[in-house]
S.K.: 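The structure follows.
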Amino acid sequence: VQLQASGGGLVQAGGSLRLSCEASGRTFSSYVMGWFRQAPGKEREFVATITWSSGRTYYADSVKGRFTISRDNAKNTVYLQMNSLNPEDTAVYYCAADPGPILGSNWYRLSKSFHYWGQGTQVTVSS
């Protein structure tokens, strides 16, 4: 499994970015896909997760209502639309994949649950 993340950059507070994660190497119809982020000096944290088959989504409280995770089956790509960005969103964003299934209500929030990781893309929000 290969995951290629892209779309990061520098944006002013209040702006928007869309991250993409192109997946290859497997059939992902049953996979769980996630976005995590890691700011300098902090642990990697959960952002959002989507189940490829049903499209069910999960969000961290800090991004709920501002970020939207989605997938394009034809392109094998998962997106993270980020709106109303603020400086606290500055981090390296990683996409992740796992065959699943989701085991329990906390499973999708844990980075250790995901077997495959992309290389990360930097998002910087200026104030």
Side-chain angles (χ1 to χ4, degrees):
V1 173
Q2 291 82 43
L3 303 174
Q4 182 68 43
S6 62
L10 173 64
V11 63
Q12 288 188 332
S16 299
L17 282 174
R18 189 178 78 159
L19 305 183
S20 300
C21 176
E22 184 175 358
S24 61
R26 291 284 173 87
T27 299
F28 294 92
S29 58
S30 64
Y31 269 57
V32 181
M33 307 296 293
W35 284 99
F36 289 76
R37 66 187 182 186
Q38 188 166 17
K42 295 187 176 181
E43 293 187 355
R44 191 169 298 189
E45 66 174 1
F46 164 70
V47 176
T49 291
I50 187 168
T51 58
W52 206 290
S53 56
S54 67
R56 184 169 183 176
T57 58
Y58 306 85
Y59 295 95
D61 288 342
S62 60
V63 307
K64 201 172 293 184
R66 300 188 298 123
F67 291 11
T68 302
I69 188 171
S70 62
R71 85 265 194 250
D72 184 325
N73 292 343
K75 295 182 178 180
N76 263 8
T77 300
V78 175
Y79 302 99
L80 186 68
Q81 177 66 44
M82 305 185 296
N83 299 329
S84 301
L85 286 161
N86 58 62
E88 290 70 38
D89 296 315
T90 294
V92 177
Y93 283 70
Y94 297 90
C95 64
D98 194 85
I102 291 178
L103 301 173
S105 60
N106 204 42
W107 183 96
Y108 56 85
R109 298 177 177 274
L110 304 176
S111 58
K112 65 181 181 181
S113 298
F114 290 81
H115 192 74
Y116 303 102
W117 291 84
Q119 84 285 6
T121 184
Q122 176 71 47
V123 172
T124 303
V125 185
S126 63
S127 57

S.K.: Report yes or no: do Leu103 and Leu110 belong to one cluster of Ile/Leu/Val/Met/Phe/Trp/Tyr joined by side chain heavy-atom distances under 4.5 Å?
M.R.: no
S.K.: How long is the gap from CZ on Arg109 to CZ on Phe36, to the nearest 0.5 Å?
M.R.: 10.0 Å
S.K.: So, taking the atom named OG1 in Thr57 and the one named NZ in Lys64, what distance separates them when rounded to the nearest 0.5 Å?
M.R.: 9.5 Å
S.K.: Mind checking the CZ-OG spacing from Arg44 to Ser111? Nearest 0.5 Å is all I need.
M.R.: 6.5 Å
S.K.: Looking at Trp35, Tyr59, Phe46, Tyr31, which hits ring pair (Phe, Tyr, Trp, His ring centres under 6.0 Å) with Tyr108?
M.R.: Phe46
S.K.: Say you draw a straight line from CG of Asn86 to OG of Ser127; how long is it, rounded to the nearest 0.5 Å?
M.R.: 10.5 Å
S.K.: Grab the two heavy atoms, one from Arg71 and one from Ser54, that are nearest each other, plus how far apart they are.
M.R.: NH2-C, 3.9 Å
S.K.: If every non-hydrogen atom of Gly7 is compared with every non-hydrogen atom of Leu17, which pair is closest and at what distance?
M.R.: O-CD2, 3.9 Å
S.K.: When hydrophobic residues are tied together by side-chain contacts of less than 4.5 Å, even through go-betweens, does Met33 share a cluster with Val47?
M.R.: yes
S.K.: So Leu19 and Val123, do their side chains get closer than 4.5 Å, heavy atoms only?
M.R.: yes
S.K.: Please, which pairs that meet disulfide (SG to SG under 2.5 Å) have at least one residue in residues 8-125, sequence neighbours excluded?
M.R.: Cys21-Cys95
S.K.: Is there side-chain contact between Tyr116 and Arg26, with at least one heavy-atom pair below 4.5 Å?
M.R.: yes
S.K.: Examine Phe114 and Val1 and state if one hydrophobic cluster contains both, with Ile, Leu, Val, Met, Phe, Trp and Tyr joined whenever side-chain heavy atoms are less than 4.5 Å apart.
M.R.: no
S.K.: Give the table of side-chain donor-acceptor pairs shorter than 3.5 Å for residues 76-83, with sequence neighbours excluded, one pair per line with atom names and distance.
M.R.:
unit_1: Thr77; atom_1: OG1; unit_2: Lys75; atom_2: O; d: 2.8
unit_1: Gln81; atom_1: NE2; unit_2: Asn83; atom_2: OD1; d: 2.9
unit_1: Asn83; atom_1: OD1; unit_2: Ser16; atom_2: OG; d: 2.9

S.K.: Does Arg37 count as lying over the ring of Tyr94, i.e. NZ or CZ under 6.0 Å from the six-ring centre, within 45 degrees of the axis?
M.R.: no
S.K.: Identify the heavy atoms of Ala23 and Leu3 that sit nearest to each other, and give their distance.
M.R.: CB-CD2, 3.7 Å
S.K.: How many angstroms lie between CG in Asn106 and OH in Tyr58, if you round to the nearest 0.5 Å?
M.R.: 12.0 Å
S.K.: With a 4.5 Å limit on heavy-atom distance, are the side chains of Pro101 and Trp107 in contact?
M.R.: no
S.K.: Considering residues, nucleotides and ligands other than Glu22, do more than 12 of their heavy atoms fall under 6.0 Å from its CD?
M.R.: no
S.K.: Heavy-atom distance under 4.5 Å between the side chains of Ser53 and Ser29, does that happen here?
M.R.: no
S.K.: Whether the Gln122 and Thr124 side chains hold a donor-acceptor pair (N or O, under 3.5 Å, no angle test) is what I'd like checked.
M.R.: yes
S.K.: State the OG1-CD distance between Thr121 and Gln119, to the nearest 0.5 angstrom.
M.R.: 7.0 Å
S.K.: Donor-acceptor pair, distance only, cut-off 3.5 Å: does the side chain of Arg66 make one with the backbone of Ser62?
M.R.: yes
